[in-house]
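Here the structure is a predicted model, which is why all the values come from computation and not from measurement.
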Amino acid sequence: MKIALFVLALIAGFSASAQTEIKTSLFGDIRVRHEANEEEDASSNGINGKDNYDHLRLRARLGVKAQFNDNLTSEFRLATGEGGTSTNQTFSGTRNYDFRLDRAYLKYALNEFSFIRVGRTDNPLVLVGENNMLFDSDLNLDGASVSYTHKTELMSYQLILAHSILREYSNSAGTVDSKLNSAELAIRYSGEVQSLMVTIAEHMFSNLKSTAAIVNFLGNSSSGAGAAGRYDYNYDVTAIGLEYGYKASIPVTLFVEAANNNKASEKDAALIYGVRLNKVKKQGDWSLSVDSREIESDATLASLTDSDSMLGGTNGRSINTSIAYGLDDNSNLMATYYMGEKNIATGQPEVDRNRLHLDLSVRF
């Protein structure tokens, strides 16, 4: 809420002193979801049985974009849910839903090639195939980022530096905030028919080892149980991605990304690869996407990963299939099936974690 008040104060200040009109636009979306889950239960003695359940969920988001001048813009957005890797609200009765700060940031263009963003922003990094193996698509981060892009006729080179606060924490020894510092280089080739992108990134997490879980461990190795648990490792994740696009009557995108945690001694790798056919932009459009992923226990920080594949976190594998159809220019239907397994580490009983989403989405 401090960031929200800060942004509102800045907007008010600029409004009072601006010599030209501030351009604002309202945007948002509503998604209604039927979710069906099949969870296999595991204990120290093996598999106990299955728990099948389903529920209805709602996501509503409302935001404002403001352009103060040629260089300075801002975005402010509210959303349902608790945030983190999910903005869903489960249908649960007659009480009103919570509507919380989702984003609030300022963006300042230094020139036509570079800009700075500060506040609570969406993920500033480039992700091949728009994949969510390391970072959930709903994730917003508190901090700042800088982006610089150099373009030629067919090529572009983008450098991104990002700093995020994951948890503010202090003890008798002083402040030991948990942080994420990322550096990424994205190289793109764009031809008339084919395109290619390569990404090389380093995600350096600090002050996690021997501290309590940021949310839950969700597959990360830990010592102790519950609130007494502590991370066994820090995380310094190197990720390399490749995306190939072919522009035809039905556009095709292929992608792969591999990641490795340099701070773990074992169970430190992650891999995703997939394909997407077509894209939904207007009425009558359709798309089909399939990806396969495997994330070992300590390949990355589990609380930031996709919350749907194998029901979230690390130490699992999943094959995800999604089909979408455009009902009109502002709404679509989508069906996604997640066929996952949890506890893929040697010596642990593997358990099924399957999920089906049926979504109706409307945006404005």
Side-chain angles (χ1 to χ4, degrees), residues 1-29 61-79 101-130 134-135 137-166 179-190 195-204 239 241 243 245 279 281 363-364:
M1 188 56 68
K2 292 180 179 178
I3 293 178
L5 294 175
F6 173 70
V7 172
L8 288 175
L10 283 175
I11 292 175
F14 278 108
S15 299
S17 60
Q19 299 301 313
T20 58
E21 181 182 357
I22 296 175
K23 299 177 182 178
T24 61
S25 60
L26 188 71
F27 67 96
D29 62 86
R61 302 184 296 191
L62 179 65
V64 178
K65 292 181 180 179
Q67 181 173 345
F68 302 105
N69 52 51
D70 291 340
N71 301 101
L72 183 63
T73 59
S74 72
E75 181 177 322
F76 182 90
R77 190 173 77 176
L78 301 175
L101 178 66
D102 185 47
R103 291 180 189 170
Y105 67 84
L106 296 173
K107 178 180 177 181
Y108 186 80
L110 301 171
N111 50 51
E112 59 180 311
F113 310 109
S114 57
F115 62 84
I116 297 173
R117 294 200 305 174
V118 60
R120 184 171 182 81
T121 78
D122 56 322
N123 190 348
L125 303 173
V126 177
L127 306 172
V128 294
E130 300 177 357
L134 300 180
F135 302 101
S137 57
D138 282 328
L139 187 68
N140 293 295
L141 298 168
D142 295 334
S145 64
V146 179
S147 175
Y148 171 79
T149 303
H150 174 74
K151 294 183 178 180
T152 64
E153 184 177 356
L154 297 176
M155 301 289 296
S156 71
Y157 308 85
Q158 184 178 11
L159 176 64
I160 301 169
L161 302 176
H163 170 77
S164 302
I165 302 294
L166 302 178
K179 304 174 184 178
L180 169 60
N181 293 304
S182 296
E184 181 182 46
L185 176 64
I187 304 172
R188 299 179 178 88
Y189 164 80
S190 298
S195 63
L196 185 68
M197 179 169 67
V198 177
T199 60
I200 304 171
E202 192 78 14
H203 308 297
M204 295 159 284
E243 178 184 304
K279 197 167 188 177
K281 296 181 179 179
R363 64 185 184 276
F364 58 89

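Annotation: salt bridge (Lys or Arg N to Asp or Glu O under 4.0 Å) contacts of Arg188 (sequence neighbours excluded): none. Contacts of Thr199 classified as side chain to side chain donor-acceptor pair (under 3.5 Å), with partners at least two apart in sequence or in another chain: none. Remark: Glu130 pairs with Lys279 by the salt bridge (Lys or Arg N to Asp or Glu O under 4.0 Å) rule, at least two apart or across chains. Not a single side chain to side chain donor-acceptor pair (under 3.5 Å) links Asp70 to another residue, sequence neighbours left out. Under the rule for a side chain to side chain donor-acceptor pair (under 3.5 Å), the partners of Arg103 that lie at least two apart in sequence or sit in another chain are Glu75, Asn140. For Ser114, the side chain to side chain donor-acceptor pair (under 3.5 Å) partners at least two apart in sequence or on another chain are Asn111.
The cationic group of Arg117 lies under 6.0 Å from the six-membered ring centre of Tyr105 and within 45° of the ring axis, placing it in a cation-pi geometry.
Distance alone, capped at 3.5 Å, places no donor-acceptor pair between the Arg363 side chain and the Phe27 backbone. Without hydrogens or angle criteria, Glu184 side chain to Val126 main chain gives a donor-acceptor distance under 3.5 Å. Under a 3.5 Å cut-off, the side chain of Gln158 and the backbone N or O of Thr149 do not form any donor-acceptor pair.
The OG atom of Ser145 sits 9.0 Å away from atom NZ of Lys107, with the distance rounded to the nearest 0.5 Å. Rounding to the nearest 0.5 angstrom, the gap separating the CG atom in Asn181 from the NE2 atom in His203 is 11.5 Å. If you take CZ on Arg120 and CG on Leu101, they are separated by 6.5 Å, rounding to the nearest 0.5 Å. With rounding to the nearest 0.5 angstrom, the CG atom of Leu125 is 10.0 Å from the CG atom of Leu139. Annotation: the span from Asp29 atom CG to Arg77 atom CZ amounts to 7.0 Å, rounded to 0.5 Å. If you take CG on Leu72 and OH on Tyr108, they are separated by 7.5 Å, rounding to the nearest 0.5 Å.
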Item to complete: Check step by step if side-chain contact (heavy atoms from CB on, under 4.5 Å) holds for Asp102 and Leu78.
Response: CA-CA 5 Å; Asp102 185 47; Leu78 301 175; 5.8 Å; no
Worksheet item: How far apart are the C-alpha atoms of Leu141 and Ile165, what are their side-chain angles, what is the distance that settles it, and do they pass the side-chain contact (heavy atoms from CB on, under 4.5 Å) test?
Response: CA-CA 7 Å; Leu141 298 168; Ile165 302 294; over 6 Å; no
Practice prompt. Check step by step if side-chain contact (heavy atoms from CB on, under 4.5 Å) holds for Arg61 and Asp138.
Written response: CA-CA 11 Å; Arg61 302 184 296 191; Asp138 282 328; 4.0 Å; yes
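Among all heavy-atom pairs drawn from Ser156 and Lys151, the shortest one is CB-CG, 3.9 Å. For Gly63 against Leu26, the heavy-atom pair with the smallest separation is O-CD1, 3.3 Å.
A 4.5 Å side-chain heavy-atom check between Val128 and Met197 finds at least one atom pair inside the cut-off. In this structure the side chain of Ile22 never reaches within 4.5 angstrom of the side chain of Gln67, judged on heavy atoms. Here the side chains of Val118 and Leu106 are in contact, with some heavy-atom distance below 4.5 Å. Side-chain contact between Phe364 and Leu62 is present, with heavy atoms from C-beta onward closer than 4.5 Å.
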